[in-house]
Number of protein chains: 2
Amino acid sequence: MARTQGSRSEITGPLIREKSRKLFARHGYAAVSMRQIASAVGVQAGALYAYTADKQALLFQLLESHMQTLLAAWQDDATADPLTRLERFVRFHIDFSLDHSDAVFLSYMELRNLTPENYRAIAALRGRYEALLEGILRDGIEAGLMRIADRKLASMALIAMLTGVTTWYQEGGRLDRRRIGDIYWSLTRGAVGAD
Amino acid sequence: MARTQGSRSEITGPLIREKSRKLFARHGYAAVSMRQIASAVGVQAGALYAYTADKQALLFQLLESHMQTLLAAWQDDATADPLTRLERFVRFHIDFSLDHSDAVFLSYMELRNLTPENYRAIAALRGRYEALLEGILRDGIEAGLMRIADRKLASMALIAMLTGVTTWYQEGGRLDRRRIGDIYWSLTRGAVGAD
DNA sequence: GTCTATAGGCCGATAGAC
DNA sequence: GTCTATCGGCCTATAGAC
C-alpha cells in the first residue's frame, strides 16, 4: 500500500474513516493501532494526525456521523396509518443495519471507549432515534391499533430485536432480505398487539 | 491492594476471574493489561501466569464457564404447557442476563478476540442454548398454541430482544424486575402469535 | 499533506529467588 | 505461589524536513 509522497486530502480523509471503521469493528478500538490504520490507508502513521486530533476523535467522528446518517435516512410520514409506518420502520431499520453493520456494531460496542462528553453526545442521538419509534407506537395505541404495556421499553426491545439481525445475517444465506423483513415484521406486529 | 508474599491459590484463582471479567467488560479485552488485572487482584503480574497460560486462555475460560453456567441454570419441563415454558424462559433469560451482565456483554463483544478454535467452542454452546428456545417454539407450534413464520429466526430475534435489557436496566430504576418480566413476556407472547 | 525519526512509555511473557 | 527484574517489542503522539 506504500505510495509516493503527495497531497491528496480529498482521498485520504474518507479512506481513514473507511479503514478505521472496518478495523475497529473487526478487532476493537483498543486493539487497533494508528500504525495499522495508516498502513491500510497507505500512509505513514504521522500523516493521520493531519486529519484527526487523536485516536479518540477518530472514534467519535465515526459514531457521530453514523448516527446522523441514520437519523437523516429515516423519513416518516406522520399522516399515514401507524401500522404502515411501523412496518416501514422495521424494514428500514433492518436494511440500514445490514448496510452499515460495521458502524452499527461499533455504536453498540465502543460506547465505553468514548470520553464522558462524547458518550453523552452519542447517547442523545440514540435517544432521538428511539423517540421516533416511540412516536409511532404512541400513535398506534391512540388509534386503537396497538396494545403495548410500556412504550419506552417496547421501543428499546424492538430496536434490540431488529438490530440483532446483524449478528447472524450472511449474504447469500438461507433467507434474503425481503423474506427477513417479512419475518421480523410478523414478529413485530404480534409484539405490539396488532394482530 | 498490595499484600505480603504467600500462597493462597484458593483465593487468587477466583479473584483473577472476577476482576478480569469486570475489567474486560468495562474497558474491553484488548484495552486491559495483565498488570491492571494483577493490580486489582493484589498480586504482581508474573503471578497471574501460575493460573493461566496467557491472556487469551483467561478470556476463553470466562466465556466458556459463563455459557456452561447458563446452560446448567436453565431447567425446562418438557411435559408442561409450551406457553408456560416460554414464559419461564423469558423470565429466566432476563434474570440471568441481569445477574451476569458483565459476562453477557463479554460473550457478545469479545467473540472476535478468541482464536478460531476457541470461537467455535463458544459458538457451539451458544447454539445449544438457542436450540432450547427453538424446541419450546416447536412444541408450541405443534400444539397449535403459537404461530411463527421461522422458528430459528424467531429464537435468535427473541434472545436478542431479551438480552437487550442489559443495555438500559438500572438497579432502582423506574421498573423492577418482576414488572420488566411482565412487559417482555407480553411482547414475547404477541411475537409468537399466542394472543 | 506526507515523510522520517524519535520521545517516552506500557505491553505480554519469562527467569530465577524465596 | 508469589516476588523482582527484565527482554524485546509495539504503542501514541510530536518535531522538523520537504
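Within every chain, numbering begins at 1; the chains are lettered A, B, ... in the order of the sequence lines, protein sequences first and strands thereafter. Side chains included, hydrogens not; waters and symmetry mates left out as well; all remaining heavy atoms used. Since the model is a prediction, treat every value here as computed from it, not as a measurement.
- Aromatic rings of Tyr129(B) and Phe89(B) (six-membered ring for Trp) have centroids within the 6.0 Å cut-off, being under it.
- Considering only side-chain atoms of Gln44(B), the nucleotide from dC3(C), dT2(D), dT4(D) that sits closest is dT4(D).
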Quick test: give all pairs of protein nitrogen or oxygen and nucleotides 9-13 of chain C nitrogen or oxygen below 3.5 Å, distance rounded to 0.1 Å.
from	atom 1	to	atom 2	distance (Å)
dC11(C)	OP1	Ser33(B)	OG	2.9
dG12(C)	OP1	Met34(B)	N	3.3
dG12(C)	OP1	Lys55(B)	NZ	3.3
dG12(C)	OP2	Met34(B)	N	2.8
dG12(C)	N7	Arg35(B)	NH1	2.9
dG12(C)	O6	Arg35(B)	NH2	3.2
dA13(C)	OP2	Tyr49(B)	OH	2.9
dA13(C)	OP2	Lys55(B)	N	3.3

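- Ring centroid separation for the pair His100(B) and Phe105(B) does not come in under the 6.0 Å cut-off.
- Residue pairs meeting the salt bridge (charged side-chain N to carboxylate O under 4.0 Å, His left out) criterion with at least one member in residues 81-92 of chain B, sequence neighbours excluded: Asp76(B)-Arg85(B), Arg85(B)-Asp139(B), Glu87(B)-Arg91(B), Arg91(B)-Asp182(B).
- Spacing between atom CD1 of Ile11(B) and atom P of dT2(D) amounts to 9 Å, rounded to whole angstrom units.
- In this structure, Leu58(A) atom CG and dA13(D) atom C1' are separated by 14 Å, rounded to whole Å.
- Taken over five-pair windows at either terminus, the axes of the helix from dG1(C)-dC18(D) to dC18(C)-dG1(D) are inclined to one another by 0° (rounded to 10 degrees).
- Residues Tyr108(A) and Thr167(B) have side chains in contact (heavy-atom distance under 4.5 Å, counting atoms from C-beta outward).
- For Arg147(A) and Asp195(A), the salt-bridge test fails: no basic side-chain N is under 4.0 Å from an acidic carboxylate O.
- For Thr12(B) and dG1(D), the shortest distance from a side-chain N or O to OP1 or OP2 is not below 4.0 Å.
- Distance CZ/Phe60(B) to CD/Glu110(B): 15.0 Å, rounded to 0.5 Å.
- From Leu106(B), atom CG reaches atom NZ of Lys22(B) across 13.0 Å, with rounding to the nearest 0.5 Å.
- Among all heavy-atom pairs drawn from Leu133(B) and Ser155(B), the shortest one is CD2-O, 3.6 Å.
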